[in-house]
*Asks:* 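Pasting a structure here, questions to come.
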Number of protein chains: 2
Amino acid sequence: MAGRKSSGVLELAVLGLLHETPMHGYELRKRLNALLGMFRAFSYGSLYPCLKRLVEQGLIVEDRPEDDDPGGALLLQSRRSKIVYKLTADGKERLQELLTEAGPAAWEDEGFGVRFAFFSHTRADVRLRILEGRRSRLEERLESFRAALARTRERVDSYTLELHNHGLESVEREVRWLNELIGRERAEQAGGRSKRPDERAEEASADDTSDGDR
Amino acid sequence: MAGRKSSGVLELAVLGLLHETPMHGYELRKRLNALLGMFRAFSYGSLYPCLKRLVEQGLIVEDRPEDDDPGGALLLQSRRSKIVYKLTADGKERLQELLTEAGPAAWEDEGFGVRFAFFSHTRADVRLRILEGRRSRLEERLESFRAALARTRERVDSYTLELHNHGLESVEREVRWLNELIGRERAEQAGGRSKRPDERAEEASADDTSDGDR
DNA sequence: TGCCGATGTATCGGTCCGATACATCAAGGC
DNA sequence: GCCTTGATGTATCGGACCGATACATCGGCA
């Protein structure tokens with residue numbers, strides 16, 4: 001039971017960023033939005049609750065700089081200072097778990113983007129599976145959408161049609177991008193594995209849809 | 001005070017769809033997701049609360065098919081049936097208001113998509129302003145993003161770079177699309193203006209709604 | 001000195017969504 | 001006739017997420 005997708009996206013992003021180096025919230029958010037770039041942005045209203053959840057789960061710890069107030073008195077509430085968040089061993093484990101999972105959650109729009117951003121920390125075989133899953137998800141979406149478009153061909157105004165075509169082309173473009181990436185991944189894996197000549201007889205046909213778009 | 005964007009998107013979409021013909025929830029959702037196509041989809045968990053809000057605001061009314069239960073007894077709770085929603089006069093007014101507004105809300109990602117889907121019901125000058133607003137919003141995003149990219153050029157791994165470039169190209173592509181649309185709009189308006197005077201009168205009068213104050 | 005913008009932490013009211021539940025009805029197998 | 005199946009249809013809950021907002025600190029800089 002969990003609203004939406006059980007935090008997935010933000011949790012993974014925070015864990016991944018914190019894996020590289022401990023940080024406080026403000027910087028975390030900046031790096032988050034820089035990392036995710038054009039395709040996603042989180043606000044403090046999401047980040048801080050998420051950090052709180054992660055602390056509760058023991059995946060990260062907060063390092064507050066010495067404000068125990070030993071005398072006991074002096075309850076000046078104004079003692080706000082930087083809080084540095086750091087990954088725990090459990091957190092690292094959880095990150096690996098999330099990064100290794102290659103199920104549907106990894107190729108839905110949001111989940112895919114975040115996972116892709118951390119691909120350099122992901123196992124090569126998982127990368128390939130995610131890329132392929134994403135591609136087939138997109139192709140399936142394309143197909144059902146094209147069918148729906150054909151069904152209503154003559155009953156939509158020109159602006160709606162324009163919007164639909166633009167969306168269609170965007171997705172087609174992403175499929176071509178994925179094709180290129182998959183080809184690259186495969187070539188790389190085949191190359192790295194070249195100790196075994198008997199194994200890779202086929203597969204060299206990786207250059208399927210590499211038309212020079214762009 | 002309003003969470004997120006004060007409902008904007010769904011509200012407009014529902015009002016717009018209901019303007020064409022009354023419908024019940026299920027069909028409303030289907031048409032909604034067909035209209036918005038690849039770029040957005042709403043679930044019942046959003047739709048029904050939204051309909052409830054719209055009823056409360058008096059923008060739509062629900063037409064339940066005669067189940068008053070006059071006798072008073074017979075509290076069979078199972079009397080569920082189709083509920084057809086219909087736009088009220090206030091609702092039409094509100095729709096016009098939303099369709100005519102050409103502020104920032106109209107060129108943010110979500111707001112823009114929905115408004116574009118209803119462009120055929122939007123005044124030509126408003127269309128142009130929204131298109132141009134959207135374009136400059138995108139260009140501004142592009143610029144700040146390119147700056148950020150240049151700043152961190154050598155410090156990102158190849159996958160992050162790949163993601164950034166893909167995002168960048170997607171946005172550039174949308175700008176080109178907007179350019180084309182804007183050109184088309186302008187040509188159309190110029191053509192209409194320099195052509196027959198009666199055509200122009202038709203557009204000018206259209207359906208009053210001359211903003212005035214509200 | 002006093003103001004300003006960047007840095008920094010935090011919450012509130014609200015939207016939206018995935019999952020789920022439950023009801024109706026037509027088609028088709030048996 | 002009965003029963004499963006799937007499309008149709010209405011409805012809610014818990015939770016993720018967000019925009020706005022509030023408040024505090026700190027380094028310029030006029």
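No experiment lies behind these values; they were computed from the predicted model shown. Worth knowing before you read on, the calculation uses all heavy atoms, side chains too, and leaves out hydrogens, waters and symmetry mates. Residue numbering restarts at 1 for every chain, and letters A, B, ... go by the order of the sequence lines.
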*Asks:* Does any residue of residues 25-33 of chain A have a heavy atom under 4.0 Å from DNA chain C, and if so, which ones, in number order?
*Replies:* A:Gly25, A:Tyr26

*Asks:* Rounded to the nearest angstrom, tell me the gap between atom CD in B:Glu108 and atom P in C:dT15.
*Replies:*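 After rounding, the reported distance stands at 18 Å.
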
*Asks:* Which nucleotide in the list C:dA10, C:dC16, D:dA16 gets nearest to the side chain of B:Arg40?
*Replies:*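 Nearest to the side chain of B:Arg40 among the choices is C:dC16.
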
*Asks:* Quick one: side chains of residues 18-25 of chain A, donor-acceptor pairs under 3.5 Å with protein atoms, not counting sequence neighbours, listed by atom name and distance.
*Replies:*
none

*Asks:* Would you say B:Ser46 places a side-chain N or O within less than 4.0 Å of OP1 or OP2 belonging to C:dC17?
*Replies:* yes

*Asks:* Where each residue is assigned the nucleotide of DNA chain D containing its nearest heavy atom, which of A:Ala41 and B:His24 is assigned the position nearer the 5′ end?
*Replies:*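 The residue closer to the strand's 5' end, by nearest nucleotide, is B:His24.
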
*Asks:* Between C1' on C:dC17 and CG on A:Asp109, what's the gap in Å once rounded to a whole number?
*Replies:* 14 Å

*Asks:* Looking at C:dC16, I'd like to know if its phosphate oxygens (OP1 or OP2) sit under 4.0 Å from a side-chain N or O belonging to B:Ser43.
*Replies:* no

*Asks:* So what does B:Ala105 touch, heavy atoms closer than 4.0 Å: a base, only the sugar-phosphate, or nothing?
*Replies:* nothing

*Asks:* I'd like to know if the side chain of B:Arg135 reaches the main chain of B:Val175, judged simply by a donor and an acceptor atom lying under 3.5 Å from each other, with no hydrogens or angles considered.
*Replies:*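 Here the side-chain-to-backbone pair does not exist.
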
*Asks:* Rounded off to whole Å, could you give me the CG-to-C1' distance for the A:Leu51 and C:dG8 pair?
*Replies:* 13 Å

*Asks:* The test is salt bridge (Lys or Arg N to Asp or Glu O under 4.0 Å); show your working for A:Glu143 and A:Arg146 and say whether it passes.
*Replies:* CA-CA 5 Å; A:Glu143 192 177 349; A:Arg146 266 198 271 255; over 6 Å; no

*Asks:* Within the 4.0 Å heavy-atom criterion, would you say A:Phe42 contacts the bases, only the backbone, or no part of the nucleic acid?
*Replies:*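 Counting heavy atoms under 4.0 Å across all strands, the contact made by A:Phe42 is with sugar-phosphate only.
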
*Asks:* Is B:Gln189 reaching over with its side chain to a backbone N or O of B:Ala124, donor-acceptor style, under 3.5 angstrom?
*Replies:* yes

*Asks:* Can B:Thr122 and B:Arg115 be counted as having a side-chain donor-acceptor contact under 3.5 angstrom?
*Replies:* no

*Asks:* As a test of reading the structure: which of D:dA16, D:dT12, C:dC16 is closest to the side chain of B:Leu10, going by heavy atoms?
*Replies:*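 Looking only at side-chain atoms, B:Leu10 lies closest to C:dC16.
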
*Asks:* At less than 4.0 Å, is any side-chain N or O atom of B:Lys52 found next to OP1 or OP2 of D:dT12? Yes or no.
*Replies:*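 Answer is yes, contact under 4.0 Å.
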
*Asks:* Aromatic contact between A:Phe145 and A:His164, with the criterion being ring centroids under 6.0 Å apart: yes or no?
*Replies:*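 Ring centroids of A:Phe145 and A:His164 are less than 6.0 Å from each other.
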
*Asks:* Between P on C:dC16 and CD on A:Glu110, what's the gap in Å once rounded to a whole number?
*Replies:*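 Result: 15 Å.
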
*Asks:* Measure from the side-chain heavy atoms of B:Lys82 and tell me the nearest of D:dG9, D:dA16, C:dT9.
*Replies:* D:dG9

*Asks:* Reckon A:Tyr48 has a side-chain N or O less than 4.0 Å from the OP1 or OP2 of C:dT9?
*Replies:*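 A:Tyr48 to C:dT9 OP1/OP2: side-chain N or O found under 4.0 Å.
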
*Asks:* Once you round it to whole Å, what is the distance between P of D:dA24 and CD1 of A:Ile83?
*Replies:*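 Whole-Å distance recorded here is 16 Å.
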
*Asks:* Once you measure the plane-to-plane angle for B:Phe112 and B:Phe119, does it fall in the parallel (<30°), tilted (30-60°) or perpendicular (>60°) bin?
*Replies:* perpendicular

*Asks:* For the pair made of CE in B:Met23 and P in D:dT8, what is the distance, rounded to whole Å?
*Replies:* 15 Å

*Asks:* Report the distance from atom CG of B:Leu47 to atom P of D:dG9, rounded to the nearest whole Å.
*Replies:*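 In whole Å, D:dG9 P lies 13 Å from B:Leu47 CG.
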
*Asks:* What is the distance from CG of A:Asp63 to P of C:dT9, rounded to the nearest Å?
*Replies:*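 Rounding to the nearest Å, CG of A:Asp63 and P of C:dT9 are 12 Å apart.
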
*Asks:* Does the pair B:Phe42 and B:Leu36 meet the rule for a side-chain contact (heavy atoms from CB on, under 4.5 Å), with working shown?
*Replies:* CA-CA 9 Å; B:Phe42 288 98; B:Leu36 270 26; 3.7 Å; yes

